[in-house]
Visitor: 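Sharing a structure, written as structure tokens. Questions coming.
Just so you know, ligand 1 is whichever comes first in the structure, and atom 1 is the first atom listed for that ligand. Quick caveat, the model's predicted, so the values are computed rather than measured. Side-chain atoms are counted along with the backbone in the values below, which use heavy atoms only and exclude waters and symmetry mates.
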Amino acid sequence: MLAASLFGSAEPASVAFDPAARTFRLDGGNATYVFGVNTRGELQQLYWGGRLGATDSFPKATPLPEWASFDSSYTTTPEEYAGWGAGLFVEPALKVTFADGNRDLVLHYVSHTTHAKGFDVELKDIKRPLFVTLHYDIDPESGILERSATIENRDTEPVTIEQAAAAAWALPPAHYTLNYLTGRWAGEWTLTQEPVYPGARVIESRRGTTGHQANPWFAIQAGDANEEGGEVWFGALGWSGSWRITVEQDQLDQVRVTGGFNPFDFGYVLHTGQALETPVFYGGYSASGLGGASRLLHRYELEHILPRTAATASQPLPKPRPVIYNSWEATEMNVTEAGQEALAEKAAALGIDRFVMDDGWFGQRKTDHAGLGDWYVNQEKFPNGLKPLIDKVHSLGMDFGLWVEPEMVNPDSDLYRKHPEWVLNFPGRPRSEARNQLVLNLARPDVRAYVLGFLDKLLADNDIAFLKWDYNRNWSEPGWDQLAAVEQKKVYVEFTRNLYAILSELRKRHPKVEIESCSGGGGRVDLGILHFTDEVWPSDNTDPFDRLVMQDGFSYAYTPQVMMAWVTDSPHWLNHRATSLPYRMLSSMQGSLGIGANIGKWSDEETATAKRLIAAYHDVQPTIVQGNLYRLISPRDGSEFSATQTVRPDKGQSVVFAFIHSTQKGRLFPTLKLRGLDPAAEYTLSSIEGKPRAGTPVKASGAWWMNHGLDMDADFRGDFQAAAFRLDRK
Ligand code: GLA
């Protein structure tokens with residue numbers, strides 16, 4: 001359970017329907033959410049923000065007036081889930097075409113059921129038996145809402161869904177700033193901030209998958225909000241296929257955020273009796289700025305999103321990630337039994353928990369031109385299969401992980417030669433390759449069975465603790481020629497559903513196995529995949545300075561628990577930047593630590609440094625990855641300094657990281673006024689790396705560390721310097 005003082009009011013959650021006013025109210029944490037049936041019968045949004053008094057009530061919802069003949073009341077009234085019809089000009093939640101060509105859809109309230117954490121509210125078109133059930137759940141501790149919709153056709157003719165959101169959120173007129181995450185391969189997680197202007201800002205992926213270019217998360221801050229204060233509304237979509245979030249300021253300056261399946265190239269035919277479930281759109285409210293918003297989201301992800309293994313099934317939190325070694329940057333595809341065993345010996349000596357062999361172990365995989373799809377062990381590289389290597393890794397006290405890329409195929413593979421029809425394609429059109437590979441159409445039942453089958457066998461035949469599940473291109477020519485032309489666009493839904501089904505089935509059959517979501521780095525990170533994967537690979541860019549900025553961006557939406565961060569070689573292959581090993585180690589220690597360097601070449605001194613810091617990391621890892629994160633100084637925009645602090649939820653321990661990009665004019669590192677400690681408790685400061693300023697007390701109260709603050713050593717200057725400290729309550 002969360003401490004009420006940190007995350008919300010001490011009031012219990014409540015879910016209440018007022019039958020006289022026909023309003024629905026959900027309270028949780030510090031938030032209240034209210035909507036009601038308006039006098040026309042639509043579901044109208046009424047309030048989302050700080051928690052209201054228990055006895056406060058809302059009158060019956062009244063639609064907003066029309067602005068002019070150009071903007072009717074239907075378009076000015078913020079609805080929970082608006083059908084496209086009756087002259088709606090803002091973003092609809094649902095747009096359909098009926099079999100007879102009618103495209104008008106107006107949804108009115110029919111009924112609802114109340115359950116412990118929320119409501120299911122049934123809507124229906126004013127004329128036709130097209131039903132929509134809106135699902136609402138509120139988390140009692142964080143106040144985070146889970147919203148989704150089920151669209152059901154009870155007509156005798158089919159209906160085509162052309163656009164289906166999971167939910168729409170509304171905010172009253174005010175000055176707002178929108179925060180969202182953008183990027184590209186090797187450059188993910190840029191926090192982009194801009195005023196909310198009239199018109200629409202569309203954040204999306206049309207790629208069939210989540211994408212590096214934008215992430216399905218947003219935060220909107222009120223005019224005066226900042227990192228640690230003021231009102232912030234945030235949300236994230238749980239979907240790993242094409243998605244869209246539209247942030248719109250309408251003609252009355254109201255703000256609406258609508259998100260769900262990307263309507264671009266979308267079409268889902270619902271036959272009589274069929275239903276379409278949308279993804280979940282999570283939404284929350286913080287009165288403590290962007291920092292408060294991300295702390296709520298982190299805790300929610302840890303407690304309610306991330307999967308459990310057999311070992312943690314009944315635990316409140318997933319276990320901190322093992323410290324891994326991964327051979328990719330050391331060997332690329334040149335993996336051999338002897339080479340991997342030599343690396344494993346070095347890794348074990350460093351105190352590594354898990355040894356992961358990356359790409360190159362299967363089929364005829366010598367380069368990225370061949371082999372994907374052929375998931376048998378390469379006999380030249382591993383004459384006796386994987387067992388000798390796995391046994392060796394186990395004998396060294398580590399568990400074993402393996403790289404796979406199950407949804408892909410190289411045209412130069414036995415699989416493609418046998419089943420060229422299995423890839424996404426339009427017959428007679430070119431099949432565009434990327435990284436010399438094509439995308440298997442996972443929506444097909446035969447492909448789904450193949451992928452589940454080979455992975456199940458791989459895990460049954462070998463003692464594998466972990467899969468790094470990669471996905472190295474986006475879609476092109478997304479045809480599904482087994483189906484009638486009008487049905488083919490279903491691929492956008494069924495592909496992702498089958499991916500989730502395979503992951504879920506594998507976890508059921510192999511409950512000890514853990515999985516990482518990787519897509520050429522951070523191309524598939526979202527709250528959908530995180531139900532089935534224990535961690536993610538945020539970026540192929542492992543440059544420790546770039547990573548500071550990316551980790552900062554990542555942390556707005558996702559918990560450091562899932563943020564894998566490897567220490568690799570210097571100078572870095574991407575930026576050619578040279579950095580010290582302690583700097584690289586501390587950068588990676590902000591998340592879930594791994595080593596990805598060619599450790600076979602490390603000197604004794606480097607080995608000793610890494611070993612010392614891995615041990616220090618192990619000691620405080622739960623505080624770093626599962627604690628409350630405070631971004632004390634942002635590394636963004638070329639900042640000279642940066643710093644983060646995490647505090648264990650019981651406030652018993654805290655870890656501080658400080659980084660210098662490049663000292664200028666001899667400037668000293670700013671005093672770090674710590675946060676989130678117990679002011680009355682006494683904390684002992686100890687160094688993980690670096691020194692505090694001469695005269696800093698070893699022991700002082702939480703009040704002292706928060707009000708006076710922590711100063712770095714006066715010699716803490718230069719380029720790419722790093723320090724880390726821990727504070728332990730007596
Ligand atoms: C992707 C991953 C890398 C590595 C390579 C292997 O790029 O993000 O970490 O696994 O594939 O081909």
Visitor: Indicate whether the side chain of Glu301 and that of Gln561 have a donor and an acceptor atom separated by less than 3.5 Å.
Guide: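 No donor-acceptor contact under 3.5 Å links the two side chains.
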Visitor: Would one find an N or O of Trp403, backbone or side chain, under 3.5 Å from an N or O of ligand 1?
Guide: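 N/O-N/O distance below 3.5 Å exists for this pair.
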Visitor: Is Lys468 close enough and on-axis enough to Trp537, meaning under 6.0 Å and within 45°, for cation-pi?
Guide: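 Yes, Lys468 sits over the ring of Trp537.
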Visitor: When you compare the side chains of Thr568 and Thr542, does any donor N or O come within less than 3.5 Å of an acceptor on the partner?
Guide: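 There is such a pair between these side chains.
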Visitor: Could you check which of Val356, Asp359, Leu372, Thr367 puts a non-hydrogen atom nearest to atom 12 (O) of ligand 1?
Guide: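 The nearest heavy atom belongs to Asp359.
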Visitor: Could you tell me whether Asn472 approaches ligand 1 through its side chain, its backbone, both or neither, with non-hydrogen atoms closer than 4.0 Å?
Guide: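 Just the side chain.
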Visitor: Quick one: pull up CG in Leu593 and CZ in Arg321 and give me the separation to the nearest 0.5 Å.
Guide: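 Nearest 0.5 Å value for the CG-CZ distance: 13.0 Å.
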Visitor: Among protein heavy atoms, which sits nearest to atom 7 (O) of ligand 1, and what does the distance come to when rounded to 0.1 Å?
Guide: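 For atom 7 (O) of ligand 1, the nearest protein heavy atom is Asp540 OD2, 2.8 Å.
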Visitor: Tell me: protein heavy atom nearest atom 10 (O) of ligand 1, and distance?
Guide: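 Of the protein heavy atoms, Asp358 OD1, 2.6 Å lies nearest.
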Visitor: Check each atom of ligand 1 against the heavy atoms of Gly521 and keep those under 4.0 Å away; list them by number with element.
Guide: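 So the atoms of ligand 1 that pass are 8 (O).
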Visitor: What residue and heavy atom of the protein are closest to atom 11 (O) of ligand 1, and at what distance?
Guide: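 Checking every protein heavy atom, the shortest distance to atom 11 (O) of ligand 1 gives Asp470 OD2, 2.9 Å.
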Visitor: Find out whether the Lys NZ or Arg CZ of Arg631 is both under 6.0 angstrom from the six-membered ring centre of Tyr556 and within 45° of the ring's axis.
Guide: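 Yes; both conditions hold, so Arg631 lies above the ring face of Tyr556.
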Visitor: Which part of Arg435 is near ligand 1, with near meaning a heavy atom under 4.0 Å away: side chain, backbone, both or neither?
Guide: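 Looking at Arg435 and ligand 1, just side chain atoms fall under 4.0 Å.
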Visitor: Check each of Trp480, Phe261, Trp475 against Tyr492 using the ring pair (Phe, Tyr, Trp, His ring centres under 6.0 Å) test, and report the only one that passes.
Guide: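 Of Trp480, Phe261, Trp475, ring pair (Phe, Tyr, Trp, His ring centres under 6.0 Å) with Tyr492 is met by Trp475 alone.
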Visitor: Any atoms of ligand 1 less than 4.0 Å from a non-hydrogen atom of Cys518? List them with their elements.
Guide: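 Every atom of ligand 1 under 4.0 Å from some heavy atom of Cys518: 2 (C), 8 (O).
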Visitor: Any side-chain donor-acceptor pair under 3.5 Å between Asn436 and Asp368?
Guide: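 Distance-only check passes for Asn436 and Asp368.
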Visitor: Of the side chain and backbone of Glu405, name the one, both, or neither that has a heavy atom under 4.0 Å from an atom of ligand 1.
Guide: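 Under 4.0 Å from ligand 1, Glu405 contributes no heavy atoms.
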Visitor: Are Lys468 and ligand 1 in contact, using a heavy-atom cut-off of under 4.0 Å?
Guide: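 Judged by the 4.0 Å heavy-atom criterion, Lys468 does count as contacting ligand 1.
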Visitor: Find all atoms of ligand 1 within a distance of less than 4.0 Å from any non-hydrogen atom belonging to Trp537, and give their numbers and elements.
Guide: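 Heavy-atom distances to Trp537 below 4.0 Å select 8 (O), 9 (O).
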Visitor: Report yes or no: does Asp374 contribute a side-chain atom to a donor-acceptor pair with the main-chain N or O of Ser413 at less than 3.5 Å?
Guide: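 No, the answer is negative, given that no donor and acceptor are paired below the 3.5 Å cut-off.
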